[in-house]
Enquirer: 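Here's a structure for you.
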Amino acid sequence: MNERNADFDASESHLTGRLLPELPFEDLPVTIALFDENLCCLRASDRWLEEFGLKPHEAIGKSYDETFNAPFSFRAEIENDCARGERYRSPRQSLQLPNGTQIWVRWSIAPWCLASGEMRGFIFTAEIARKTLLDEIFEMSPAMMVLVGFDGRFQAVNSPLETVLGYTSSELLGQRFLNFVHSDDLETTLALFNRAIAGQKSPELENRYRCKDGSFKWLSWTTIPLLDRQQIYGIARDITPAKQAEDALRVQQELLQATLDTTPHWLCIKDWNGRYLMANRAIARAFNTTPENLTGKSMSDVHASAREAEMFLRQDREVIASLKEQFIPEEWVTTKAGKRICLQTVKRPLFLTNSSVPHVLVSAIDISKRKQIEEELQKLAALVANSSDAIGIISLDGEPIFLNPASLRLIGLKTLEVAQSKHFLDFFPEADRLFLQEQIFPKVFEKGYWQGEFHFQNLQTGNIVPIDFNLFVIKDTQTSEPLALATIARNISDRYQAVKEQAKLLSIIDSTTDFIGIADDRGTLTYINKAGRKMSGLAQEEEFSERNLLEVIYPSETALAPEEWFAKLTREGIWEGEGLLRQQDGREIPISLVAIAVKSETGEVEFLANIARDISDRKRVEARLTEQASNLEQTLKQLRRTQMQLIQTEKMSSLGQLVAGVAHEINNPVNFIYGNLSHADNYVKDLLNLVDLYQREFPNSSHIIQNKIERIDLEFLMYDLPNVLSSMKVGAERIRTIVTSLRNFSRMDEAEKKVVDIHEGIESTLLLLQNRLKTMGSYSDIRVYREYGYLPRVECYASHLNQAFMNIVTNAIDAIEERNERLSLEERQKSPGEIRIRTSQSQDAIVEIRIADNGLGIPESIQSRLFDPFFTTKRVGKGTGLGLAISYQIITEQHRGQLEFVSTPGEGTEFIIAIPIRQS
C-alpha cells in the first residue's frame, strides 16, 4: 500500500490543556480531529475532512459510528492507555468512505486533558493508505479472506466470510479472532498463529468458527504472514458439508458397529488371505482385544495354533471358491492366551461394494457354556447314579418318579419299576408315617425343605434303617409352583453304631487313671477325662474350653519352646517323652506323655490326642537310684584309681629294683675296666715307643721280621692302637653316665620327698629316650629344644615326677612319629619333628614345666577324656591308656599341682606342669 504519513506531531504535549481550543485546528496540515468522551467529534482539520471525503456538517457534532458507519471497537484499550496518560496506536483497519472507496487507517489516539489533569476527550490522528491490487483481490475473491494483525485482531474481512459467518465487517473489525473459535480448537489455532507470526511455515488448519446465529462452521485455513507489515492474510474454505458427511458416515459406522456389538454372536468379514476386514466386539473380546485392533490382523496373529489357523483359512477359501454356504456344528478355537472356545459356525460368501472379489462372512455362536453344561449334566448323572446317598424324585401324589441305585438298595427293592408300584409312604416304618404326613410334609411345603434324622424301612428284610433325611420341593422356575418332591437320604447306621462305640470308649477312658485329653487343630482343649480333671485340679463340672493344651501339658525333655514343640507335633504326627502338667494352683508334676496329631487323608490335622501318666513316684525312686549310682560310680572310680596306683607302684617298684640291680651289676666291671684303661694306655705307649726305638736302632731286620711287619701292617697298628684305647675309654665313660641316669631315674634310695634339681630329672629322662629321638629308618631326628629358666631345687617325689616326665615326652614322640607316617620324606625334611621344653618359676612359688610338640594334635572330640584311666587312641600293643592318667595323679594328687594341655589339631600339643616348690 502507498501510505500518506502525517507531517505534524500531535502528541499530547502539544494538544493538552487550554492550548488546544486556541490552535488554528482547521489549518493544521495533518489528519486530526478532536472527540469528546462520548467519541463525538468537536473539531476536525481540513485535511481530516479532505481525506475522509466529508463536509464539516457531516463530521462536526457526529459520533464516530455515525461518521464511518462502523462501531469503534478499541474503546476499552483507549481508555486504559489514556487513563495512564499514554497514547494508543490501533491496528490497521479497513474503512469505507461515503463515496464507497475503501481505505486503510491506523489511528493514533492521545488523551485531551485540562490543566488540572482532568481528561475531557480524545485527539485522533490518522495514517491513511489507499487500497492496492492485493486489497482488490482481497475484496473480489470468492474465497473467504481475512487480514489479522499480530495482536490477533481482525483488520479486514471480505464479503464471502461475512456471508458464511453472518457477521458484517463492522461487527468483526477490531475483534480478536480467537473470540470466534470453538473452545475445543483454541489450542491448535493459537499454535498455528504463533508459528505464523514467528515466520515459520504453517500447515493447513481446520477449526470451527462461531456464526452470528450461534452455530459453528468448519473452515479450512491457509495463512500467509506479512512480517514487515505485522499482518497475516488468511484464506478459508467452508468444509462444513464435508465434515457433516464425515460425521454422518462415522455415525453410520458407529451405529453399524454398535448394532453388531449388541449381538453375543461372533460376526466378522475376512478376505482370501484370512485377514479380518471387520469384526464385532464379541469376537474381539474373545481374543482379548478391540474391534479396531483386530481389524487388519490375520488369523495366525490371534490363534495360538498355526495348524488351527491354517484349517480355518482352508475353510474360508472353500466358501469363497465355491460361493456356497458352509455350516460347521462344532469347532474349537484356541486364543493366544490359551483359552479354548467351542463354536457353532456359519460361513457365507459376501461381495462388498466396489469390489468384485468375494469375501467370507463368518457368523458363530459360542457354545462353550452349553458344552460345559452338557458335560456337567453327564457328570451329574454319573454322580447321582454312583452316589452312595439315596436320591429320588417323588410326585406330589407320592408316586416315585426316579430312584437311584442307592435308594433301591436302602429300601430293599431291585428295580425302579417295582418301586413305582409303591407309594412313598410305604418306604417308612408304619409308626413314622403319621409324623411324616402331619409334621414333615406341611413344613416342606411351607419352607420349601425339611432336614433331620428319620427312618426308612427295608422292604426286603423288614429292618429299620436310620437315615439323615433331606426333603425339599422342586418348583417351576417361572411360576414358582411346586412340581415334585426331591429326597436325599444317607444311611447313618454306622454313625449310630459309632455313637454306641464312642459311649463305650468314653466309659473306658473315664475309668482309666491316666490323663486323656483331646484338643482341636489349634490346641484348644475340647475334652478331658475324669482322671485328667483330677490330675489337673479341675472340678468335674468346671469349664475348660477356653484353655490351650500348652497351658496344661508340655514337654520337659526337649530344647524346643512349647510353641515349637506344638508345631513339630502337628508336622510329624506323634511325640513321646516326658513332660510336665501344670495344675490349677500352678504346681507342676512330672508326667510320661504321648501326644498324637490325628490327620485326615489330605494331611490336615483334625484333632490332637494326649495321654499322660503321673510319674512323680517313679521320679523320686529314680532320683534315689541316680544318687546311689553316682555314689557307686565314684567308689568304682576310686577303686580303679587305687588299683591302678597299686599296679603302677608295684610295677615301678619292681622296675626300680631291676634298674638299680642292673646298674649296680654293670657299674662294678665298668669301674674295673675304666680303672685299668689308664694303665693299659701307658703300657701300650711304652711298647710302641720300644718298637719305634728298635726300628731306629736296627733298621735292617731279618727277612722273617720284615714279613711279619708287613702282614700285621705294623705302621697302621701303631697309629690306630691309641685310638682304640681312647674309644674304649669313651665307651666306658658313656656306660658310667647311663648307669648314673638309671640310678637317678629309679631313685630307689629316695622313696620319701626330697629336694632335687628338676632339670637333672628331665635330662635323665631325655637320656633314657635318646634311642627314640635319634634317626630310625627313613625318619629324621626329633629335635629337642631346651629353654631352661632358673629353677630352685624342688621338694618332690623324684622317681614319680621322672615317671610323669617320661610319660609326657613319650606321648610327644608318639605323636610326632604318627605325624611323620603321614608325611613324605621331603615334607619331613622341611618340617622335622620338634620337642620344646621350657621351665620357669612364677611369683607364687610355683615352678612350671612346658613340654610342647609339633605332632598331630589332639582332636577336640576326645580332649575331655584324655586323663581318663585306660583311655587311649593308640593301636593295640602301642599303649595301655595309663600313662597320662598316672601322670595326672602324680602331679595333681601327690604334688598338689596342675597338669593342663593346649592342643590344636594338625599343629601340635603343649602340656603345662605346675607344682609348688615346697610340699609342706
Side-chain angles (χ1 to χ4, degrees), residues 372-507 600-602 606:
Q372 183 180 1
I373 292 170
E374 290 175 359
E375 292 174 359
E376 294 298 328
L377 287 175
Q378 292 174 359
K379 292 178 182 178
L380 180 60
L383 181 64
V384 171
N386 296 303
S387 173
S388 60
D389 290 339
I391 301 174
I393 299 176
I394 312 300
S395 72
L396 297 179
D397 296 330
E399 302 298 328
I401 299 173
F402 168 79
L403 296 177
N404 71 339
S407 298
L408 296 174
R409 288 193 299 271
L410 193 61
I411 59 178
L413 298 178
K414 291 184 178 181
T415 64
L416 178 60
E417 289 75 14
V418 175
Q420 288 176 337
S421 65
K422 306 285 185 183
H423 192 275
F424 184 51
L425 294 176
D426 295 337
F427 304 151
F428 298 90
E430 190 172 349
D432 293 340
R433 294 174 186 173
L434 184 60
F435 182 82
L436 182 66
Q437 289 177 303
E438 295 182 353
Q439 299 292 330
I440 296 179
F441 282 161
K443 289 182 180 179
V444 169
F445 288 106
E446 177 185 354
K447 296 183 178 181
Y449 70 94
W450 185 90
Q451 182 180 5
E453 292 186 2
F454 211 57
H455 305 91
F456 269 153
Q457 184 170 19
N458 189 293
L459 301 181
Q460 183 178 5
T461 63
N463 295 332
I464 305 299
V465 182
I467 58 172
D468 190 356
F469 190 41
N470 290 271
L471 186 63
F472 52 92
V473 178
I474 301 175
K475 295 182 179 181
D476 188 305
T477 57
Q478 301 294 330
T479 64
S480 298
E481 291 295 322
L483 298 178
L485 297 177
T487 176
I488 300 176
R490 176 172 296 178
N491 188 342
I492 59 173
S493 301
D494 293 340
R495 186 196 303 175
Y496 269 54
Q497 186 64 30
V499 171
K500 293 179 181 179
E501 296 297 329
Q502 184 180 14
K504 292 180 182 178
L505 180 60
L506 289 176
S507 176
S600 65
E601 294 180 356
T602 60
E606 293 185 340

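Only a predicted model underlies this, so the values are computations on that prediction, with no experimental measurement involved.
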Enquirer: My understanding is that only residues two or more places apart in sequence, or in another chain, count here; which of them pass side chain to side chain contact (heavy atoms under 4.5 Å, CB included) with Q460?
Expert: N458

Enquirer: Please list, chain by chain and in numerical order, all residues satisfying side chain to side chain donor-acceptor pair (under 3.5 Å) with D468, sequence neighbours excluded.
Expert: none

Enquirer: Among residues two or more places apart or on two chains, list those pairs meeting side chain to side chain donor-acceptor pair (under 3.5 Å) that have a residue in residues 383-393.
Expert: D389-R490

Enquirer: Go through the steps to decide whether F472 and V444 satisfy the test side-chain contact (heavy atoms from CB on, under 4.5 Å), and finish with yes or no.
Expert: CA-CA 6 Å; F472 52 92; V444 169; 5.7 Å; no

Enquirer: For S600 versus E606, what's the shortest heavy-atom pair and its separation?
Expert: CB-OE2, 3.2 Å

Enquirer: Write down the atom of P482, the atom of L396, and the distance for their closest heavy-atom approach.
Expert: O-CD1, 3.6 Å

Enquirer: Output side-chain donor-acceptor pairs under 3.5 Å for residues 423-430, partner residues at least two apart or in another chain, one line each.
Expert:
| residue | atom | partner | partner atom | Å |
| --- | --- | --- | --- | --- |
| H423 | ND1 | L425 | N | 3.1 |
| H423 | NE2 | D397 | O | 3.0 |
| D426 | OD2 | H423 | N | 2.9 |

Enquirer: Using residues 406-418 as the side-chain source, report each donor-acceptor pair under 3.5 Å to any protein atom, sequence neighbours left out, with the distance given to one decimal.
Expert:
| residue | atom | partner | partner atom | Å |
| --- | --- | --- | --- | --- |
| S407 | OG | I391 | N | 2.9 |
| S407 | OG | I391 | O | 3.1 |
| S407 | OG | N404 | OD1 | 2.7 |
| T415 | OG1 | V418 | N | 3.3 |

Enquirer: Could you work out, with side chain to side chain donor-acceptor pair (under 3.5 Å) as the rule, every residue matching Q497, not counting sequence neighbours?
Expert: E501

Enquirer: Using the salt bridge (charged side-chain N to carboxylate O under 4.0 Å, His left out) rule, collect all pairs that involve residues 398-407, keeping only residues at least two apart or in two chains.
Expert: none

Enquirer: What residues form a side chain to side chain contact (heavy atoms under 4.5 Å, CB included) with D476, not counting sequence neighbours?
Expert: Q478, T479, L483

Enquirer: Under the rule for side chain to side chain donor-acceptor pair (under 3.5 Å), what residues qualify as partners of S493, not counting sequence neighbours?
Expert: N491

Enquirer: Quick one, L485 with L471, criterion side-chain contact (heavy atoms from CB on, under 4.5 Å). Give me CA distance, side-chain angles, the key distance, then yes/no.
Expert: CA-CA 7 Å; L485 297 177; L471 186 63; 4.3 Å; yes

Enquirer: Side-chain atoms of residues 446-457: list all donor-acceptor pairs with protein atoms under 3.5 Å, sequence neighbours left out, distances to 0.1 Å.
Expert:
| residue | atom | partner | partner atom | Å |
| --- | --- | --- | --- | --- |
| E453 | OE1 | Y496 | OH | 3.2 |
| E453 | OE2 | R495 | NH1 | 3.2 |
| H455 | ND1 | D432 | OD2 | 3.2 |

Enquirer: For I393, give me all partners under side chain to side chain contact (heavy atoms under 4.5 Å, CB included), at least two apart in sequence or on another chain.
Expert: I401, F402, I474, A484

